[in-house]
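The structure appears right after this line, and notes come after that.
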There are 2 protein chains.
Amino acid sequence: MRERPGDNGTVPTAKKKPNVSPSPERRRELLDTAAEVFAAQGYNATTVRKIADAAGMLAGSLYYHFDSKESMLDEILATFLDELWTGYDTVLAAGLGPRETIEALVTESFREIDRHRAAVAIYQKEARTLATQPRFGYLADSQTKFEEAWLGTLERGVADGVFRAGLDIRLTYRFIRDTVWVAVSWYRPGGQHSPEEIARQYLSMVLDGVAVRT
Amino acid sequence: MRERPGDNGTVPTAKKKPNVSPSPERRRELLDTAAEVFAAQGYNATTVRKIADAAGMLAGSLYYHFDSKESMLDEILATFLDELWTGYDTVLAAGLGPRETIEALVTESFREIDRHRAAVAIYQKEARTLATQPRFGYLADSQTKFEEAWLGTLERGVADGVFRAGLDIRLTYRFIRDTVWVAVSWYRPGGQHSPEEIARQYLSMVLDGVAVRT
DNA sequence: CTCCTTCCCTAACAAGTGTTTGGTAGGTTA
DNA sequence: TAACCTACCAAACACTTGTTAGGGAAGGAG
């Protein structure tokens, strides 16, 4: 029941359509190893030959599955953001209070770091530069949506009196956002702390501070 | 990678001596523009031709002042770390209490971000990968020293009862460290907040939390 | 004037880059 | 059996990369 692209007889094949059909499972396998190399070495420092090496094949063979190095990066980031927003939207639609929303968002974020470590690391390093390119415009969109969700929740929290009023709300947003995502630089799945445990400690620090209450 | 292979020259190759003497002022000028480009595009994505463009000259001309692209990066980072530790050592030698030490370190960090925005941004992006190279071993040394200073202060603070005892000290260290340095990703000198003001708000959040005290 | 130094340009180099083309081993299907 | 498809290899392509060599303009010193 699946339709094959490319066997529509008379059409002179616009251009970049693959005339063969690689299996999606193999694609995902290769994308996973590519993501690891991107995360470890940086996108620009990663050559397609390094990816091919890590996958046990030759550079040219990658082009059977993908039509460019950039499209690999694209697919990695798009897939990650897709899953991320599935989680976020669920949280945001749950109708929780401001504090509970923040807690849920942070916890969800650490789960995403756990599940998509490589993709998050790539996002962290390259998003700012990539977002200017038209092809990666969805990165900018995501950032905007991200900011709206967090800022809105924080403002609601201040209005409700559960967050301190004296703080610069925008500074607070960046503070929490950065705090959460940079954890990808040291977090390793399977370590002694579960994502939920790390989230709990982070939230404890962000919400209640590290100083002893006087 | 010290020498080109395949070029079996008969000369013993003792060449690495500058037979000319460029002025230090011009060097610093060029290093500043190079740092801006590195920070904006990433080290690997930055070609020497882009640096030369930004400096209003041609690629080859850079090699009158520097002997490689890598040595530019080296000098930028080394200079920054040098000044950074001058500030840190002063703070650490002042004999302050744990909380005051943390406050001073954070404030000093934001001042460094203000003064060396580009260098900090480069450091933030590339340090982890570079630290493995022998040439940039001082980056790893700095990180170790950094960790010792912060961890020691935090432990002292817990022992003295000014920091909460329930927190994972290592997690707290990474929390504060990351919180401070990632600010470089959005901080712009000359903005509406001074480094000291940002430090004050950050410290307020880190020490006392964002939640209202119940 | 000539000599010398500083600073940059012109023009190239070899290695490495992403990508394309044509081919082919091995399995599946007719 | 033959035809076909998937997934790869081998070899090249055009281009970009960091880097080098030689030359020359400007200016000061003798």
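As the structure is a prediction and not an experimental result, all values here were calculated from the model. Each chain gets a letter, A, B and so on, in the order the sequences are listed, and its residues count up from 1.
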### Audit row: B/Ser142, B/Trp85, side-chain hydrogen bond (donor to acceptor under 3.5 Å, both in side chains) steps and yes/no
CA-CA 9 Å; B/Ser142 176; B/Trp85 279 106; 2.9 Å; yes
#### Entry: Between P of C/dT21 and CG of A/Asp67, the distance in whole Å
13 Å
### Task
Have a look at the helix from C/dG18-D/dC13 to C/dA30-D/dT1 and give the angle its two end axes make, five pairs each, rounded to 10 degrees.
0°
### Message
Can you measure A/Glu70 atom CD to C/dG18 atom C1' for me and round it to whole angstrom units?
### Response
11 Å
### Query
How close or far is atom P of D/dA10 from atom CG of A/Leu58, stated in whole angstroms?
6 Å
### Query
Can you find a pair of side-chain heavy atoms, one from A/Asp168 and one from B/His193, that are under 4.5 Å apart?
yes
## Note on the structure
When B/Leu30 and A/Tyr43 are each assigned the nearest nucleotide of DNA chain C, the 5'-most assignment goes to B/Leu30
### Query
Is the distance from OP1 or OP2 of C/dT19 to the nearest side-chain N or O of A/Tyr63 less than 4.0 Å?
yes
### Query
Just how far, in rounded Å, is P of C/dG16 from NZ of B/Lys69?
15 Å
### Query
Whole-Å distance between D/dT19 P and B/Ile51 CD1?
10 Å
### Query
In terms of side-chain geometry, is the basic nitrogen of A/Glu148 or A/Lys145 positioned less than 4.0 Å from the acidic oxygen of its partner?
no
### Message
Under a 4.0 Å threshold between the charged nitrogen and the carboxylate oxygen, would A/Arg200 count as salt-bridged to A/Glu196?
### Response
no
### Message
Given the ring of B/Tyr173, does B/Arg177 sit roughly above its face, with NZ or CZ under 6.0 Å from the centre of the six-membered ring and within 45° of the axis?
### Response
yes
### Query
At under 4.0 Å, does any side-chain N or O of B/Ser61 touch on OP1 or OP2 of C/dC9?
yes
### Polar side chain donor-acceptor pair, B/Ser109 to B/Tyr88, under 3.5 angstrom
yes
### Message
Salt bridge check, B/Arg170 against B/Glu147: does any charged N sit closer than 4.0 Å to a carboxylate O?
### Response
yes
### Query
So does B/Ser23 get a side-chain nitrogen or oxygen closer than 4.0 Å to the phosphate oxygens (OP1/OP2) of C/dC7?
yes
#### Entry: Axis deviation across the helix from C/dC1-D/dG30 to C/dG16-D/dC15, five-pair ends, to the nearest 10°
20°
#### Entry: ring-ring contact (aromatic ring centres under 6.0 Å, His included) between B/Tyr187 and B/Phe110, worked out
CA-CA 9 Å; B/Tyr187 180 74; B/Phe110 279 107; 7.6 Å; no
### Message
Regarding B/Thr46, tell me which of base, sugar-phosphate or nothing describes its non-hydrogen contacts under 4.0 Å with the strands shown.
### Response
sugar-phosphate
### Task
For residues 116-137 of chain B, pull every pair meeting salt bridge (Lys or Arg N to Asp or Glu O under 4.0 Å), keeping only residues two or more places apart or in separate chains.
B/Glu36-B/Arg117, B/Glu70-B/Arg135, B/Asp74-B/Arg135
#### Entry: Short side-chain N/O contact from B/His65 to OP1 or OP2 of C/dT6, under 4.0 Å
no
### Task
Look at the side-chain N and O atoms of B/Ser68 and state whether any lies under 4.0 Å from the OP1 or OP2 oxygen of D/dG18.
no
### Task
Answer with base, sugar-phosphate or nothing: what part of the nucleic acid does B/Thr47 contact at a heavy-atom distance below 4.0 Å?
sugar-phosphate
### Task
To the nearest Å, give me how far apart CG (A/Leu62) and P (C/dT17) are.
14 Å
#### Entry: Nucleotide D/dT19, atom P - distance to CE of B/Met72 in whole Å
8 Å
### Length of the line joining B/Asp53:CG and C/dC8:P, which is rounded to integer Å
15 Å
### Query
Between C/dT19 and A/Arg49, is there an OP1 or OP2 to side-chain N/O distance shorter than 4.0 Å?
no
### Query
Are any of the side-chain nitrogens in A/Glu108 or A/Arg111 under 4.0 Å away from the carboxylate oxygens of its partner?
yes
